[in-house]
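Following: one structure in structure tokens, then a few remarks.
Keep in mind that this is a model prediction, so the values were computed, not measured.
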Amino acid sequence: MNIELVQVSRWYGNVVAVNDVTMTIGPGVTGLLGPNGAGKSTLLHMMAGFLAPSSGTVTLDGRPVWRNHRIHRHIGLVPEREAVYGFLTGWQFVLSSARLHRLPQPEEAARKALALVEMEPAKDRRIETYSKGMRQRVKVAAALVHDPQVLLLDEPFNGMDPRQRLQLMDL
């Protein structure tokens, strides 16, 4: 699957977050590098269909991503920001994601995703008790639960120890 951005810009009032970006991202691993405030997170959120470009278009295999809920079947997003509910267990969080995707066997999908990120031992603990690296891994599990063809990761290694980073890179 290809993500294509054509003359994409995003601004907030007078602040330009992204300015006239055109690129095509194909299969494989692609990294966005730049200093803080360069617009990397804004680009990822537009690619995931969670943020509208102020101008330009973002498509996944020719289909617009903004206001296209069907696209979410193909995309998984791990945001940089804390996007977890601390009162839930890891199991409940990932299972909720599976159910939101209306998977035919949500429990099995949640089990598989938690195993993939090696979070089975802590799955019954509340997320608020997790370390930063564990919260990152449970966010990855929730993003992977529906087996997306495209996975967008925003600062995925924050808080992870070296072994966890290597495991996620292999994954």
Side-chain angles (χ1 to χ4, degrees), residues 1-5 8 10 18 21 23-33 39-53 57-86 88-120 122-123 127 130-160 164-171:
M1 298 197 109
N2 291 323
I3 296 177
E4 185 174 23
L5 295 90
V8 171
R10 175 67 193 197
V18 173
V21 173
M23 66 179 168
T24 300
I25 302 171
V29 176
T30 301
L32 293 175
L33 301 174
K40 301 178 299 290
S41 295
T42 300
L43 271 174
L44 287 173
H45 283 91
M46 287 190 288
M47 285 186 246
F50 291 116
L51 184 62
T57 59
V58 181
T59 59
L60 178 65
D61 277 354
R63 296 170 294 191
V65 298
W66 175 243
R67 295 205 171 162
N68 182 356
H69 68 277
R70 287 185 217 97
I71 222 73
H72 296 263
R73 294 180 184 158
H74 306 287
I75 296 176
L77 173 67
V78 179
E80 176 184 15
R81 222 169 331 126
E82 282 301 314
V84 294
Y85 296 102
L88 294 176
T89 66
W91 168 254
Q92 291 168 327
F93 181 70
V94 177
L95 181 60
S96 294
S97 183
R99 287 181 174 153
L100 285 170
H101 283 288
R102 295 190 172 115
L103 299 179
Q105 296 177 313
E107 292 85 2
E108 181 57 33
R111 251 189 299 284
K112 181 180 171 185
L114 285 162
L116 209 51
V117 298
E118 298 179 355
M119 283 297 291
E120 298 140 301
K123 71 178 178 64
I127 294 172
Y130 287 0
S131 68
K132 174 73 172 165
M134 293 169 80
R135 286 192 306 273
Q136 288 291 97
R137 290 182 1 225
V138 83
K139 288 190 315 189
V140 171
L144 288 173
V145 75
H146 64 292
D147 197 24
Q149 291 128 327
V150 176
L151 184 61
L152 301 171
L153 306 167
D154 194 358
E155 304 283 349
F157 304 123
N158 279 351
M160 288 190 184
Q164 292 169 345
R165 288 176 185 204
L166 290 173
Q167 191 262 341
L168 186 58
M169 283 187 247
D170 286 343
L171 177 65

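Here the side chain of Asn2 pairs no donor or acceptor atom with the backbone of Asp61 at under 3.5 angstrom. At distances below 3.5 Å, at least one donor-acceptor pair connects side-chain atoms of Gln167 with backbone N or O atoms of Leu116. Counting only distance, with no hydrogens or angles, the side chain of Tyr130 and the backbone of Ala122 share a donor-acceptor pair below 3.5 Å.
Contact between Ala142 and Phe93 at its shortest, heavy atoms only, is CB-CE2, 3.5 Å. Smallest separation of non-hydrogen atoms from Ala110 and Trp91: CB-CZ3, 3.6 Å. Gln164 approaches Gly133 most closely through the heavy-atom pair OE1-CA, 4.2 Å. Contact between Ala141 and Val94 at its shortest, heavy atoms only, is CB-CG2, 3.8 Å. A pairwise comparison of heavy atoms in Ala52 and Trp66 identifies CB-CE2, 3.3 Å as the closest pair. Across all non-hydrogen atoms, the minimal contact from Val78 to Ala143 is CG2-CB, 3.6 Å.
Here the straight-line distance linking atom CD1 of Ile3 with atom CE of Met46 works out to 12.0 Å at 0.5 Å rounding. Taking NZ of Lys139 as the reference point, atom OG of Ser97 lies at 13.0 Å (rounded to 0.5 Å). Separation of atoms CZ (Arg73) and CG (Asn68) is listed at 9.5 Å; rounding is to 0.5 Å. Rounded to the nearest 0.5 angstrom, Thr24 OG1 and Glu4 CD are separated by 4.0 Å. Remark: Ile25 CD1 to Met1 CE distance equals 13.5 Å, nearest 0.5 Å. Taken to the nearest 0.5 Å, the CG atom of Leu95 stands 10.0 Å off from the CG atom of Leu88.
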Q. Could you walk me through whether Leu166 and Met169 pass the side-chain contact (heavy atoms from CB on, under 4.5 Å) check?
A. CA-CA 5 Å; Leu166 290 173; Met169 283 187 247; 4.3 Å; yes

Q.
Checking Met23 against Leu43 for the side-chain contact (heavy atoms from CB on, under 4.5 Å) test, could you report, in this order, the C-alpha distance in whole Å, the side-chain angles of both residues, the deciding distance, and whether it holds?
A. CA-CA 11 Å; Met23 66 179 168; Leu43 271 174; 4.3 Å; yes

Q.
Determine whether Met47 and Leu5 satisfy the following criterion, side-chain contact (heavy atoms from CB on, under 4.5 Å), listing intermediate values before the conclusion.
A. CA-CA 8 Å; Met47 285 186 246; Leu5 295 90; 4.1 Å; yes

Q: Check step by step if side-chain contact (heavy atoms from CB on, under 4.5 Å) holds for His45 and Leu77.
A: CA-CA 8 Å; His45 283 91; Leu77 173 67; 4.0 Å; yes

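Salt bridge status for Arg111 with Glu108: present, with a side-chain N to carboxylate O gap under 4.0 Å.
Contacts of Glu80 classified as side-chain hydrogen bond (donor to acceptor under 3.5 Å, both in side chains), with partners at least two apart in sequence or in another chain: none. By the side-chain hydrogen bond (donor to acceptor under 3.5 Å, both in side chains) test, Glu107 pairs with Arg99, sequence neighbours left out. Shown here are the salt bridge (Lys or Arg N to Asp or Glu O under 4.0 Å) partners of Lys112, two or more places apart in sequence or in another chain: there are none. For Leu100, the side chain to side chain contact (heavy atoms under 4.5 Å, CB included) criterion is met by no residue, not counting sequence neighbours. With sequence neighbours excluded, no residue forms a salt bridge (Lys or Arg N to Asp or Glu O under 4.0 Å) with Arg10.
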Would you mind writing out the side-chain donor-acceptor pairs for residues 144-160 within the sub-3.5 Å range, not counting sequence neighbours?
unit_1: His146; atom_1: ND1; unit_2: His101; atom_2: NE2; d: 3.3
unit_1: His146; atom_1: NE2; unit_2: His72; atom_2: O; d: 3.2
unit_1: His146; atom_1: NE2; unit_2: Ile75; atom_2: O; d: 3.0
unit_1: Gln149; atom_1: OE1; unit_2: His74; atom_2: ND1; d: 2.6
unit_1: Asp154; atom_1: OD1; unit_2: Ser41; atom_2: OG; d: 3.3
unit_1: Asp154; atom_1: OD2; unit_2: Ser41; atom_2: OG; d: 2.5

